[in-house]
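Nothing fancy with the numbering, it's 1 onward along the sequence.
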Amino acid sequence: MPLALLALAVGAFGIGTTEFVIMGLLPEVADDLHVSIPTAGHLVSAYALGVVIGAPLLAALTSRMSRRTVLIGLMALFVAGNALSAFAPGYDSLMAARFLSGLPHGAFFGMGAVVATTMVAPERKARSVSLMFLGLTVANVVGVPAATLMGQHLGWRATFLGVSAIGLVAIASLVLLIPHDHAHAPVVGLRRELAALKSLPVWLALGTTVAGFGALFSAYSYITPMLTDAAGFADGSVTLLLALFGVGATVGNLVGGRLADHSLRGTLFGGLTSLAVVLALFPLLMSTQWTAALAVVLLGVAAFVTGSPLQLMVMEKASAGPSLASSANQAAFNLANAGGAWIGGLALAAGFGATSPALAGAVLAVLGLGVAATAATVDRRRSVPGRERVVATHVPHEAEALRH
């Protein structure tokens with residue numbers, strides 16, 4: 001695997017840290033800015049809104065630019081957003097800064113996935129994407145706890161300055177390690193990108209992402225009350241248990257990338273099935289503390305096994321113009337975050353019990369399987385060749401050029 005993937009992973013680590021760290025710092029932010037914790041919680045929504053809007057918008061605006069230049073520019077915007085967050089004088093300005101920080105998120109992962117797959121042989125494309133996503137999962141194990149601890153002891157503003165520093169390291173890594181591709185990467189153009197996005201298989205792939213990861217967030221958004229109310233853990237134990245989720249996500253991400261290089265659709269079906277089973281077993285697993293801890297790990301593994309296959313599936317279906325569709329898939333991940341949390345909340349509010357969001361998630365995972373099966377049927381009817389891994393048909397010489 002090329003060393004350039006490390007640069008993408010560093011950027012993913014910074015993005016993953018800033019996305020999730022705010023959740024652990026809401027009390028400090030609310031107290032400092034003299035707002036309620038629910039009001040401070042809107043900062044999470046502002047970031048997610050930035051991701052959903054920025055992913056397709058920035059991908060479209062940069063469709064004729066060098067991918068290397070775009071990645072560096074997106075990370076510079078990320079640094080600016082986090083620096084502005086650190087120096088925000090009030091709640092409204094912090095809200096705007098968080099929105100700005102979210103804008104490059106989806107476009108960076110979308111463009112990064114395209115770049116990662118062009119730097120390796122066809123049989124290693126899924127692994128290359130999983131190594132970039134490794135930065136995101138490791139952020140949940142190391143970055144978020146460390147940044148939260150920093151914010152609690154040095155103030156929440158220090159956390160965002162620290163994240164800005166990670167962004168600067170990522171920029172330096174991108175400059176040094178990502179090859180100059182302006183002479184090799186074809187200029188696709190916005191029209192071709194939009195045409196690729198009109199494909200029914202692309203939208204079915206995006207729908208699978210929304211349903212599949214909606215299943216995860218339906219349960220994960222309410223994992224704390226499950227662990228405390230159902231499993232009987234003390235509040236102080238939750239942070240360690242969430243780190244276990246990050247470990248499971250890291251393992252699932254790496255395993256999913258390797259398996260998807262052998263069978264893309266098979267890995268996707270297997271991951272979604274495993275996710276549905278794990279979520280359906282949550283009421284039983286949450287009955288004792290050791291099985292509850294196991295459930296948290298299994299949830300991370302099952303959910304993130306599908307991460308690389310879902311990203312590659314979208315890119316495969318939009319092979320004539322993959323950047324916009326790849327970025328749109330990141331917007332789909334965040335829609336899954338919001339939608340899954342909303343559906344899980346409905347189950348909880350209806351009085352079905354502390355573990356009911358997991359059961360709602362199991363239903364969403366089955367829905368994702370249904371969408372994936374529909375996509376497979378559409379492929380067969382359109383006589384799409386049964387290739388199980390992504391092939392860079394649109395850039396036949398690009399990978400070889402970048403490897404040298």
### Query
Taking side chain as C-beta onward, heavy atoms only, is Met315 less than 4.5 Å from Val114?
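The answer is yes; the side chains approach within 4.5 Å.
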How long is the span from the [atom1] atom in [X] to the [atom2] atom in [Y], to the nearest 0.5 Å?
X	Y	atom1	atom2	result
Leu279	Thr355	CG	OG1	11.0 Å
Leu134	Leu5	CG	CG	10.5 Å
Lys125	Leu312	NZ	CG	8.5 Å
Met286	Thr228	CE	OG1	10.0 Å

### Task
Scan for side-chain hydrogen bond (donor to acceptor under 3.5 Å, both in side chains) pairs involving residues 205-217, sequence neighbours excluded, and state none if there are none.
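Passing the test, one end in residues 205-217: Thr209-Asn329.
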Can you name the nearest heavy-atom pair linking [X] to [Y], along with the distance?
X	Y	value
Phe282	Ala358	CB-CB, 3.5 Å
Gly106	Ala55	CA-CB, 3.8 Å
Val378	Pro201	CG1-CG, 4.3 Å
Asn140	Val144	CA-CG2, 4.2 Å

### Query
With sequence neighbours left out, what residues match Ala80 under side-chain contact (heavy atoms from CB on, under 4.5 Å)?
none
I'd like to know if the side chain of [X] reaches the main chain of [Y], judged simply by a donor and an acceptor atom lying under 3.5 Å from each other, with no hydrogens or angles considered.
X	Y	answer
Thr18	Gly14	no
Ser173	Ala7	no
Tyr222	Gly345	yes

Atom pairs and distances, side-chain donor-acceptor, residues 162-170, under 3.5 Å, sequence neighbours left out:
from	atom 1	to	atom 2	distance (Å)
Ser164	OG	Ala83	N	3.2
Ser164	OG	Phe160	O	2.9

### Task
Output, in order, the C-alpha distance, side-chain angles, deciding distance and verdict of ring pair (Phe, Tyr, Trp, His ring centres under 6.0 Å) for His105 and Tyr47.
CA-CA 9 Å; His105 176 129; Tyr47 183 93; 5.8 Å; yes
### Query
Parallel under 30°, tilted from 30 to 60°, perpendicular over 60°: which one fits the rings of Phe333 and Phe213?
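Ring orientation, 0 to 90° scale: perpendicular.
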### Task
Only one of Phe13, Phe109, Phe108 passes ring pair (Phe, Tyr, Trp, His ring centres under 6.0 Å) with Phe133; say which it is.
Phe109
### Message
Heavy-atom count check: over 12 atoms from other residues, nucleotides or ligands less than 6.0 Å from Arg157 CZ?
### Response
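Correct, the count exceeds 12.
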